*Asks:* 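My questions all concern the structure below.
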2 protein chains.
Amino acid sequence: MPKSLRTPPGDALTNLMLDLFRLNSLLLTAGDRLVTRLGLTSARWQILGAIVNAERPQPVAWLARDLGANRQNVQRIVNDLHSEGLVTLAVNPHHRRAQLVVLTDKGRRAFDAAMALQAPWVNGLAEGLPVKDLQTVHRVVTALRKKLESSDEIEDRA
Amino acid sequence: MPKSLRTPPGDALTNLMLDLFRLNSLLLTAGDRLVTRLGLTSARWQILGAIVNAERPQPVAWLARDLGANRQNVQRIVNDLHSEGLVTLAVNPHHRRAQLVVLTDKGRRAFDAAMALQAPWVNGLAEGLPVKDLQTVHRVVTALRKKLESSDEIEDRA
DNA sequence: CTGTTATTGACATCATGATGTCAAATCGCT
DNA sequence: AGCGATTTGACATCATGATGTCAATAACAG
């Protein structure tokens with residue numbers, strides 16, 4: 001079978017992808033284990049991070065866009081976080097339905113605790129890897145992300 | 001908040017992870033779209049790939065180990081593939097319960113068709129990215145994977 | 001040969017993500 | 001002001017992945 005259908009970069013990227021999927025799965029389960037005793041999961045943690053990172057309270061749909069995730073799933077997790085008191089919903093002066101998601105003290109404490117656990121974990125994981133290489137990885141990952149996102153837009157318009 | 005809890009590589013890896021999750025999600029949905037008209041999904045495609053790649057027929061549990069996935073989920077998807085005629089189960093002379101998973105002609109055709117769609121897609125995606133950088137990415141990803149897998153083993157023994 | 005352990009498939013449960021639909025609310029244009 | 005398009009949350013469905021349990025089978029130690 002002619003593997004020559006692929007260009008050299010295409011071939012290199014193909015070889016990369018399976019390992020990428022596997023790394024993603026490993027990172028998620030490691031993250032789950034890391035924060036499980038805080039009542040968090042990777043997904044909840046990620047959403048708390050988006051809330052913290054935004055600085056200004058945002059409605060759910062905006063958080064979802066920031067994360068590149070589906071509105072509906074983010075909504076479900078935010079609802080869970082709300083019923084567990086990690087998050088409150090504040091009235092949005094600009095939109096009656098789209099309430100603003102705000103961290104509670106409990107939510108802030110949970111997020112800080114997660115970050116405190118994350119630091120030594122990620123330090124160990126990254127130990128021995130040149131920062132230069134990690135930056136290269138970041139650059140390539142971002143480039144691929146941009147390409148996929150822009151082709152998504154093209155297909156959406158179609 | 002002292003970000004100084006993290007080493008420089010740890011910090012670089014942290015910055016990388018969110019984009020990595022997002023890229024993973026984008027790749028999976030792009031893969032789904034690519035092969036959906038073949039009756040495939042990313043997960044099914046990946047499992048067909050593992051069967052092809054193994055050359056010798058294997059039972060489900062071995063395929064799962066090759067993929068770094070859960071036995072139970074691979075089993076479910078293999079069952080689906082079986083009921084759709086992409087795969088047959090052959091008697092294993094060494095183990096009465098653990099039947100061997102074998103591609104049917106239909107399964108082979110579906111896999112080949114998927115790869116034929118994948119080539120131009122991945123070529124476009126990888127276009128302009130230096131092979132050298134992609135190799136660096138692969139090296140880093142593999143290193144991280146190895147670290148996470150070995151620490152998994154340690155925790156399993158505990 | 002026997003008892004213990006490991007492997008394997010079947011079954012079940014839950015968390016997450018993708019997708020579609022709907023009604024309410026908002027926005028933009030006229 | 002009014003009307004259509006867009007945004008948003010609620011609800012539902014399905015695919016996938018992680019996890020646990022169970023019984024059948026196999027492998028191994030004695």
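Quick caveat: nothing in here was measured; it's all calculated off a predicted structure. By convention in this document, chain letters (A, B, ...) are assigned in the order of the sequence lines, proteins followed by strands, and residues within each chain are numbered from 1.
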*Asks:* Out of C:dA10, C:dA18, D:dT8, which nucleotide sits closest to the side chain of A:His95?
*Replies:* D:dT8
*Asks:* Closest nucleotide of DNA chain D for A:Arg97 versus for A:Asn73: which of these residues is on the 5' side?
*Replies:*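 Counting from the 5' end, the first nearest nucleotide belongs to A:Arg97.
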*Asks:* Measure the distance from CD on B:Gln58 to P on C:dT8 and round it to the nearest whole Å.
*Replies:* 10 Å
*Asks:* For D:dT8, does OP1 or OP2 lie under 4.0 Å from any side-chain N or O of A:Gln75?
*Replies:* no
*Asks:* Whole Å only: how far is the CD1 atom of A:Ile47 from the C1' atom of C:dA15?
*Replies:*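 About 12 Å, once rounded to whole Å.
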*Asks:* So for B:Arg76 and D:dG17, does any side-chain atom that can act as donor or acceptor lie under 3.5 Å from a complementary atom in the base?
*Replies:* yes
*Asks:* Do A:Lys106 and A:Glu84 sit within salt-bridge range, that is, some charged N less than 4.0 Å from a carboxylate O?
*Replies:* no
*Asks:* Identify, between A:Gly68 and A:His94, the residue whose nearest nucleotide on DNA chain C lies closer to the 5' end.
*Replies:* A:Gly68
*Asks:* Rounded to whole Å, how long is the line connecting atom CD of A:Gln99 with atom P of D:dT8?
*Replies:* 14 Å
*Asks:* Picking from D:dA18, D:dG9, D:dT16, which would you name as closest to the side chain of A:Val60?
*Replies:*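 Closest nucleotide among those given: D:dG9.
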*Asks:* Think B:Ser25 has a side-chain N or O under 4.0 angstrom from the OP1 or OP2 of C:dG17?
*Replies:*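 Result: no.
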*Asks:* I'd like to know if A:Gln72 reaches the base of C:dG20 with its side chain, counting only an N/O donor and acceptor under 3.5 Å.
*Replies:* yes
*Asks:* Between A:Arg65 and D:dT8, does any side-chain N or O lie under 4.0 Å from OP1 or OP2?
*Replies:* yes
*Asks:* Going by atom types alone, do B:Thr41 and B:Asp32 pair a side-chain donor with an acceptor below 3.5 Å?
*Replies:* no
*Asks:* Atom CG of A:Asp32 and atom P of D:dG20: how far apart are they, to the nearest Å?
*Replies:* 12 Å
*Asks:* Identify which nucleotide among D:dG9, D:dT8, D:dT19 has an atom closest to any side-chain atom of A:Arg71, counting heavy atoms from C-beta outward.
*Replies:* D:dG9
*Asks:* Heavy atoms under 4.0 Å, any strand shown: does A:Ser42 hit a base, just sugar-phosphate, or nothing?
*Replies:* nothing
*Asks:* Side-chain N or O of A:Thr29 less than 4.0 angstrom from OP1 or OP2 on D:dG17?
*Replies:*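 So the side-chain polar atoms of A:Thr29 never come under 4.0 Å of the phosphate oxygens OP1 or OP2 of D:dG17.
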*Asks:* If you check the A:Arg44 side chain, which of C:dG9, D:dA10, C:dT16 turns out closest?
*Replies:* C:dT16
*Asks:* A:Arg33 has an atom CZ; how far is it from atom P of C:dA15, in whole Å?
*Replies:* 18 Å
*Asks:* Nearest whole Å is fine: how far is D:dT16 P from B:Asn79 CG?
*Replies:* 13 Å
*Asks:* Could you tell me whether the phosphate oxygens of C:dT8, OP1 or OP2, come under 4.0 Å of any side-chain nitrogen or oxygen in B:Trp62?
*Replies:*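 So the side-chain polar atoms of B:Trp62 do come within 4.0 Å of the phosphate oxygens OP1 or OP2 of C:dT8, strictly under.
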*Asks:* Name the residue closer to the 5' end of DNA chain C, choosing between A:Gln46 and A:Arg96 according to the nucleotide with the nearest heavy atom.
*Replies:* A:Gln46
*Asks:* Can you see whether A:His138 engages B:Asn15 through a side-chain donor-acceptor pair at a distance of less than 3.5 angstrom?
*Replies:* no
*Asks:* Select one nucleotide: of D:dA10, D:dG17, C:dA18, the one nearest the side-chain heavy atoms of A:Asn70.
*Replies:* C:dA18
*Asks:* Between B:Arg22 and A:Glu149 (salt bridge meaning N to carboxylate O under 4.0 Å), is one present in this structure?
*Replies:*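 Yes, charged N to carboxylate O under 4.0 Å.
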*Asks:* For B:Ile77 and D:dC14, what is the distance between atoms CD1 and P respectively, to the nearest whole Å?
*Replies:* 17 Å
*Asks:* Nearest to the side chain of A:Thr41, which nucleotide is it out of C:dT8, C:dT16, D:dG17?
*Replies:*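 Among C:dT8, C:dT16, D:dG17, the one nearest the side chain of A:Thr41 is C:dT16.
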*Asks:* Nearest whole Å is fine: how far is D:dC14 P from B:Asp80 CG?
*Replies:* 14 Å
*Asks:* Could you go through the side-chain hydrogen bond (donor to acceptor under 3.5 Å, both in side chains) check for A:Thr7 and B:Glu127 one step at a time?
*Replies:* CA-CA 8 Å; A:Thr7 60; B:Glu127 191 185 332; over 6 Å; no
*Asks:* Got a sec: does the CH2 of A:Trp62 have more than 12 other heavy atoms crowding it under 6.0 Å?
*Replies:* no
